[in-house]
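I have placed the structure first, in the form of structure tokens, so that the comments after it can refer back to it.
These numbers come from the heavy atoms of this one structure, side chains and all, not from hydrogens, waters or symmetry mates.
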Amino acid sequence: MERKIIAQNRKAHFNYTITETLECGLALEGTEVKSVKAGNISFNDSFALIENNEVWLQNFHITEYSYSSIFNHDPDRKKKLLLHKAEIKRLARKVQEKGITLVPIEFYLKNNLVKVSLGLCKGKKEFDKRATIKDRDVKRDLAREFRERQS
């Protein structure tokens with residue numbers, strides 16, 4: 001299966017502890033698909049909400065397609081995520097827990113369909129973020145020493 005990554009949310013791994021990820025489809029209009037494939041998206045503060053047994057992606061901006069006519073899409077409308085009913089019920093139970101949020105991790109093309117990897121996340125505290133930075137620095141130093149000994 002061909003999988004081409006369009007965009008990744010790198011801050012999500014730093015700000016949240018990701019316990020689980022799900023692959024979701026997106027209900028998009030024609031010009032939105034073209035704009036997403038061109039990489040004209042912004043999802044810094046985006047998150048997913050469950051309303052009326054449907055999952056909606058909020059604060060996800062898709063720039064208007066430049067080669068379109070007057071029939072262009074609304075860049076800031078909320079987008080519906082395509083999931084099975086059982087998955088939505090399971091997510092709704094998990095989100096009811098304190099501090100659990102649905103955050104998009106990455107957007108990619110899979111068999112020419114736009115997909116989003118949705119993460120079940122819990123916010124990190126400040127000391128957790130410092131520990132993450134410390135671990136990353138230690139790994140970088142070890143890799144550097146290993147490379148120096150190899151040559």
Side-chain angles (χ1 to χ4, degrees), residues 1-137 139-140 143:
M1 260 180 238
E2 185 180 334
R3 186 171 178 229
K4 179 185 173 199
I5 295 175
I6 298 169
Q8 289 181 325
N9 190 352
R10 290 193 178 102
K11 278 197 169 184
H13 292 285
F14 182 72
N15 292 330
Y16 300 102
T17 303
I18 301 168
T19 56
E20 184 181 337
T21 59
L22 278 157
E23 181 181 77
C24 309
L26 273 166
L28 298 174
E29 296 173 0
T31 55
E32 286 178 328
V33 174
K34 291 181 178 187
S35 197
V36 167
K37 284 184 177 182
N40 298 327
I41 61 174
S42 172
F43 60 104
N44 294 340
D45 302 328
S46 64
F47 58 96
L49 286 177
I50 300 173
E51 299 173 353
N52 301 328
N53 293 327
E54 294 178 334
V55 184
W56 295 91
L57 194 58
Q58 304 277 339
N59 295 348
F60 175 52
H61 180 85
I62 300 176
T63 308
E64 288 185 354
Y65 189 58
S66 58
Y67 300 108
S68 174
S69 62
I70 59 168
F71 303 107
N72 222 327
H73 64 273
D74 177 22
D76 294 318
R77 75 174 182 90
K78 59 184 187 176
K79 281 75 173 172
K80 185 176 179 180
L81 295 177
L82 306 173
L83 289 163
H84 293 285
K85 285 184 182 180
E87 289 177 323
I88 294 173
K89 286 181 183 177
R90 190 175 60 80
L91 282 177
R93 281 194 301 270
K94 297 236 180 182
V95 170
Q96 300 266 326
E97 295 177 29
K98 186 179 178 191
I100 302 289
T101 313
L102 295 172
V103 178
I105 306 298
E106 67 180 4
F107 290 86
Y108 55 92
L109 292 174
K110 183 177 178 183
N111 298 335
N112 283 334
L113 297 174
V114 178
K115 302 280 186 177
V116 59
S117 178
L118 196 65
L120 219 61
C121 303
K122 190 171 186 124
K124 283 185 182 178
K125 302 276 191 261
E126 195 65 37
F127 61 86
D128 290 333
K129 292 180 184 179
R130 282 196 294 268
T132 303
I133 292 171
K134 184 178 178 183
D135 290 342
R136 188 174 56 210
D137 290 344
K139 284 181 184 176
R140 187 182 312 123

Apply side-chain contact (heavy atoms from CB on, under 4.5 Å) to the pair V55 and L49, showing each step before the final yes or no. CA-CA 6 Å; V55 184; L49 286 177; over 6 Å; no
With side-chain contact (heavy atoms from CB on, under 4.5 Å) as the criterion, how do N44 and K11 come out once you've worked through the C-alpha distance, each side chain's angles and the decisive distance to 0.1 Å? CA-CA 8 Å; N44 294 340; K11 278 197 169 184; over 6 Å; no
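Salt bridge absent: E23 and R3 never bring a charged side-chain N and a carboxylate O closer than 4.0 Å. Remark: D137 engages R140 in a salt bridge, criterion side-chain N to carboxylate O under 4.0 Å.
Expressed to the nearest 0.5 Å, how far CD of E54 lies from CG of L82 amounts to 10.0 Å. To the nearest 0.5 Å, atoms CD1 (I133) and CZ (R136) are separated by 5.5 Å. To the nearest 0.5 angstrom, Q58 atom CD is 5.0 Å from F47 atom CZ. The structure places OH of Y16 at 10.5 Å from CG of L102, a figure rounded to the nearest 0.5 Å. For the atom pair H61 NE2 and S35 OG, the distance stands at 8.0 Å (nearest 0.5 Å). Atom CG of N40 and atom CD of E32 lie 12.5 Å apart (nearest 0.5 Å).
Counting non-hydrogen atoms of other residues, nucleotides and ligands closer than 6.0 Å to NZ of K78 gives a total above 12. For CG of N53, the number of neighbouring non-hydrogen atoms (other residues, nucleotides, ligands) closer than 6.0 Å is 12 at most. Counting non-hydrogen atoms of other residues, nucleotides and ligands closer than 6.0 Å to CG of N59 gives a total above 12.
Nearest heavy-atom pair, S117 versus T21, reported as atom, atom and distance to 0.1 Å: OG-CB, 4.0 Å. Nearest approach of S46 to V103, heavy atoms of both residues: O-CG1, 4.3 Å. What you find for I105 and C121 is that their closest heavy atoms are CD1-SG, 4.4 Å. Scanning all heavy atoms of the two residues, the minimum distance from R77 to L28 falls at NH2-CA, 3.9 Å. The nearest pair of heavy atoms linking P104 to N9 is O-ND2, 3.2 Å. G39 and I6 make their closest contact through CA-CG2, 4.0 Å (heavy atoms, listed as atom of the first residue, atom of the second, distance).
Using modelled atom types, one side-chain atom of K79 and one backbone atom of F60 make a donor-acceptor pair closer than 3.5 Å. In terms of modelled atom types and a separation under 3.5 Å, the side chain of T19 and the main chain of L120 share a donor-acceptor contact.
F43 pairs by the ring-ring contact (aromatic ring centres under 6.0 Å, His included) definition with F107, not counting sequence neighbours.
Side-chain contact between E106 and I5 is present, with at least one heavy-atom pair separated by less than 4.5 Å. For the pair L22/L91, a side-chain contact is recorded, criterion being any heavy-atom separation below 4.5 Å from C-beta on.
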